Amino acid sequence: MWDRFAASDPGLLRLMAGLRTVAAIALTLVVLAVLDTGITHMVAGAMTAMVSTFAIKEKQVRGQAITLALGLPVALVAMSLGALLNTRVVAGDIFFVALIFGAVYSRRFGDRGTALGLIGFQIYFLSLFVGATTAALPVLYLTLAVAFASSAVVRFAVVPETPQRVLTRLRDAFRARVAQLVAGQIQLLDAGPEQLDKVLDDVRRQTARLHEAALMIQSRLEDGTRDAATAALLQRRVADAEIATERLGMLLLNARSAERADTLTLHLPHAPVPVTGDWRPAENDATITLRRDLKALHLLVVRPSSDDRGTAVAHVRNRLLGYRDEDGLPPASGAVQDVFRGIGEAARSVLGLRLALDGPQDESDDSPATTRSREEFDAEDIALATPEEPEDADRTGLQRLTTRAAFQVSVGSVLAIIGGELLSTQRWYWAVLTCWVVFLNTASTGEILVKGYRRLLGTVLGVVAGVALAGLVGDHTWVAFTLVLVFIFGMFFTAPLSYALMSFFVTAMLGLLYTLLNSYSFDVLVLRIEETALGAACGIIAAVLVLPVHTDRRTDELLGTVLDRLGGVASAAVEQLSGGPASDLLSRARDLDTALDELRASTKPLTHPISPLRGRRQTVRYLVALLETCAYHARSLAATAELVPHSKTVAADPRLERAGRRIAHNIEALAAHVKDESAAGEVESGASIASTLQADASGVLPSGTVTFRVLRHLQRLDEGVVGLARPLDVPVTDRAGTKRA
């Protein structure tokens with residue numbers, strides 16, 4: 001059960017964020033209660049503790065401490081200006097807009113600039129919320145100091161977060177998600193036609209979660225390991241395990257299907273699986289052995305190396321690694337033997353992951369196959385190199401996203417202030433807050449529209465909950481504060497999952513805070529809905545009219561980046577498979593994955609249920625699914641190419657260089673068309689790569705060659721790239737020169 005929870009929250013990042021924030025607020029409330037401050041100051045302290053805790057996102061402890069220390073004077077200045085300008089409407093509004101511009105613009109300076117800008121904005125907003133005055137400043141200064149001190153105590157002593165701790169938890173989550181995927185693959189082996197759709201949906205979801213955990217580990221490697229070489233080693237082992245496990249699922253799916261299942265089955269939602277008759281194979285010795293060995297692989301994944309007492313686990317590992325040798329494969333059809341090979345490669349990746357995480361292990365019970373796998377890992381470790389890649393040139397002026405967003409949110413805030421004042425001269429700042437929030441972590445007009453809609457939905461539901469809770473709580477102060485802590489935990493725990501749900505918790509919490517401040521009424525909560533709708537509308541208007549970044553333009557830029565990186569990974573992998581120089585292929589593959597994740601996020605407004613363009617929604621989903629398929633096969637090519645320089649059994653094949661030329665040309669043609677629709681390039685299709693290579697070999701390819709290992713990936717990548725031409729409206733020409741749609 002713990003593994004399932006760890007897999008659902010990789011690295012326990014959401015749990016730790018919620019606990020850290022709640023603990024900081026609770027400690028602040030206790031200290032302020034001992035100091036006998038009033039309810040207003042306790043509310044101010046609670047909100048300050050929340051802001052000073054969640055605003056800081058730096059990974060290194062030293063950087064967190066510096067930012068927290070700088071945040072206190074920023075908060076004191078913001079509170080002072082809020083109290084001084086509280087009665088000066090025009091001057092206060094002008095400063096608020098300037099503060100908003102600076103807070104958004106400061107995002108260009110990294111995590112520290114983002115945190116300080118967020119603290120400045122939120123504390124100024126807090127001064128408006130509690131009605132700060134110059135006479136109350138001394139007590140408010142004390143309140144801010146207590147809140148920041150409590151945040152520091154919790155962050156560095158009670159619920160400490162170091163890069164090493166986070167990375168350790170992420171590794172545990174990755175292991176749990178690998179185990180979940182293998183368990184899903186076991187179910188796939190036994191699923192009948194009536195359970196097939198559900199099992200496949202589970203496998204798709206588990207594959208996506210495994211990929212998510214691998215990317216999260218990648219983002220923490222440099223800060224969580226002792227040096228760059230260790231980070232690169234762990235990155236390679238994680239990528240090996242991810243690719244090997246995903247590949248095993250594809251091989252199993254192909255073996256189970258009477259008509260070879262298309263690769264899209266694991267990527268495209270609700271893709272049908274071809275079924276003829278009883279989809280399950282007859283129960284025979286090979287099937288029984290396959291089920292046993294899948295369970296054995298699951299055992300290797302879930303069992304920590306510290307529990308490997310005795311020789312049982314070593315014998316299981318030796319048996320599975322023996323499937324990497326052709327002589328060790330049981331008699332079965334070619335497709336089933338491919339699954340056994342996949343089990344052998346997955347077992348090898350588990351061994352490599354254990355060596356990278358836990359160091360050298362007992363080798364006394366090793367079989368020749370296990371010894372050879374260890375020697376391959378040793379050769380990779382010796383040859384490990386992490387060359388620095390040049391960074392892309394940063395945009396300047398209004399082309400920089402932070403500058404553009406600063407102007408947009410400033411204009412939107414001016415509109416929100418004007419409209420908010422018309423709705424309420426006392427609580428107009430809710431409209432400004434909503435306008436500010438919908439611009440956070442968004443990069444296009446479509447994303448802002450969807451975020452504004454979700455915030456409004458969560459606010460409406462939160463108002464209903466706030467009305468009910470306010471009546472139940474009444475004058476019970478500590479009950480209200482306890483519920484506030486519960487809602488804050490829920491807000492942070494659900495924030496990465498659902499923005500609407502997070503907005504619900506925020507609004508319900510505000511209803512309780514108004515109760516504590518004796519300013520609660522049904523009209524206040526209704527006003528909250530009106531101000532939220534106004535703020536969201538102002539943000540959308542500003543995004544559309546002021547330096548707009550249209551969703552189409554944003555997705556086209558990211559699509560071009562994905563295609564460029566896809567071509568880079570495929571070309572470099574084929575070059576190394578052909579005998580070319582070694583390069584850091586897995587780093588390139590991770591860059592491709594990062595770009596694909598950004599593209600997937602940017603297309604969410606186009607695939608959202610509220611989008612009226614249903615035809616386009618299906619096209620975008622199909623396009624992203626094809627890109628995910630291509631990325632999977634490119635990662636597999638890269639992982640296999642990484643073995644070539646160090647393996648004693650897998651040699652390079654120069655013929656593959658010619659096989660990769662068509663793929664590289666087609667990707668370049670697609671990328672050129674995305675960047676310029678008037679580009680004259682065409683996508684080429686023709687005879688399959690497999691038939692071309694087999695004709696050159698004068699027969700069937702030997703199973704032990706590198707060409708045999710990568711043939712399916714090259715073929716599927718070629719088919720996927722040609723398939724991209726249709727949704728991108730790029731002409732396709734076969735080798736005979738015939739143009740087709």
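Quick caveat: nothing in here was measured; it's all calculated off a predicted structure.
Electrostatic pairing of Asp591 and Arg588 does not count as a salt bridge here, judged by no charged N lying under 4.0 Å from a carboxylate O.
Within the 4.5 Å cutoff, side-chain heavy atoms of Glu628 are placed close to those of Arg600. Taking the side chain as every heavy atom from C-beta outward, Ile66 and Leu70 approach each other to under 4.5 Å. Within the 4.5 Å cutoff, no side-chain heavy atoms of Leu596 are placed close to those of Leu566. Contact annotation: the side chain of Arg528 approaches that of Leu510 to within less than 4.5 Å [non-hydrogen atoms, C-beta and beyond]. Put simply, the side chain of Trp430 does not reach to within 4.5 Å of the side chain of Thr532, judged on heavy atoms. Proximity of Leu353 to Val238: side-chain heavy atoms (C-beta onward) are separated by under 4.5 Å at one or more points. Side-chain atoms of Leu513 and Met47, non-hydrogen and from C-beta on, do get closer than 4.5 Å to each other. A heavy-atom distance below 4.5 Å is not found between the side chains of Leu76 and Met79.
One finds the CG atom of Leu128 at 7.0 Å from the OH atom of Tyr429 (value rounded to the nearest 0.5 Å). With rounding to the nearest 0.5 angstrom, the CZ atom of Arg455 is 6.5 Å from the OG1 atom of Thr507. Distance CE/Met509 to CD1/Ile488: 5.0 Å, rounded to 0.5 Å. Met42 contributes atom CE, which lies 10.0 Å from atom OG1 of Thr28 (distance to the nearest 0.5 angstrom). A distance of 14.5 Å separates CZ of Arg204 from CZ of Arg209, quoted to the nearest 0.5 Å. Distance OH/Tyr141 to CG/Leu72: 11.0 Å, rounded to 0.5 Å.
Annotation for Glu531 and Ala431: closest pair OE1-CB, 3.2 Å, computed over non-hydrogen atoms. The minimum heavy-atom distance linking Ala465 with Ala508 is given by the pair CB-CB, 4.2 Å. Shortest non-hydrogen contact noted between Leu140 and Ala132 is CD1-CB, 3.6 Å. Ser80 and Leu137 make their closest contact through CA-CD2, 4.1 Å (heavy atoms, listed as atom of the first residue, atom of the second, distance). In plain terms, the two heavy atoms of Arg107 and Ala405 that are nearest each other are NH1-CB, 4.4 Å. Taking every heavy atom of both residues into account, Ala24 and Ser151 meet most closely at CB-CA, 4.0 Å.
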Audit row: Leu485, Phe489, side chain to side chain contact (heavy atoms under 4.5 Å, CB included) steps and yes/no:
CA-CA 6 Å; Leu485 293 179; Phe489 178 83; over 6 Å; no

Would Phe95 and Tyr124 count as a ring-ring contact (aromatic ring centres under 6.0 Å, His included) if you check the C-alpha gap in whole Å, the side-chain angles of each, and the deciding distance to 0.1 Å?
CA-CA 10 Å; Phe95 174 77; Tyr124 189 87; 5.3 Å; yes

Apply the test side chain to side chain contact (heavy atoms under 4.5 Å, CB included) to residues Val43 and Phe129: give CA-CA distance (whole Å), side-chain angles for both, the deciding distance (0.1 Å), then the verdict.
CA-CA 10 Å; Val43 170; Phe129 181 74; 4.1 Å; yes

Between Phe54 and Leu118, is the side chain to side chain contact (heavy atoms under 4.5 Å, CB included) condition met? List the steps.
CA-CA 10 Å; Phe54 80 76; Leu118 186 58; 3.4 Å; yes

For Val486 and Phe505: C-alpha separation, side-chain torsions, deciding distance, then whether side chain to side chain contact (heavy atoms under 4.5 Å, CB included) applies.
CA-CA 9 Å; Val486 172; Phe505 283 119; over 6 Å; no

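Thr67 places no side-chain N or O within 3.5 Å of a backbone atom of Gln64 that could act as its donor or acceptor partner. When atom types are taken as modelled, the side chain of Arg14 and the backbone of Phe493 share a donor-acceptor pair closer than 3.5 angstrom. Under a 3.5 Å cut-off, the side chain of Arg155 and the backbone N or O of Thr53 do form a donor-acceptor pair. Within the 3.5 Å criterion, the main-chain N or O of Leu32 finds a donor-acceptor partner in the side chain of Thr37.
Aromatic pair Tyr105/Phe407: ring centres not closer than 6.0 Å.
Between the side chains of Ser503 and Thr459, no donor-acceptor pair of N or O atoms lies under 3.5 Å.
Note on ring orientation: taking the six-membered ring where Trp is involved, the planes of Trp428 and Phe96 are perpendicular (angle over 60°, cut-offs 30° and 60°). Between Phe504 and Phe487, the ring planes lie perpendicular to each other; the angle is over 60°, past the 30° to 60° tilted range.
With Glu246 as reference, Arg635 is the one residue of His211, Arg635, Gln206 to meet the side-chain hydrogen bond (donor to acceptor under 3.5 Å, both in side chains) rule.
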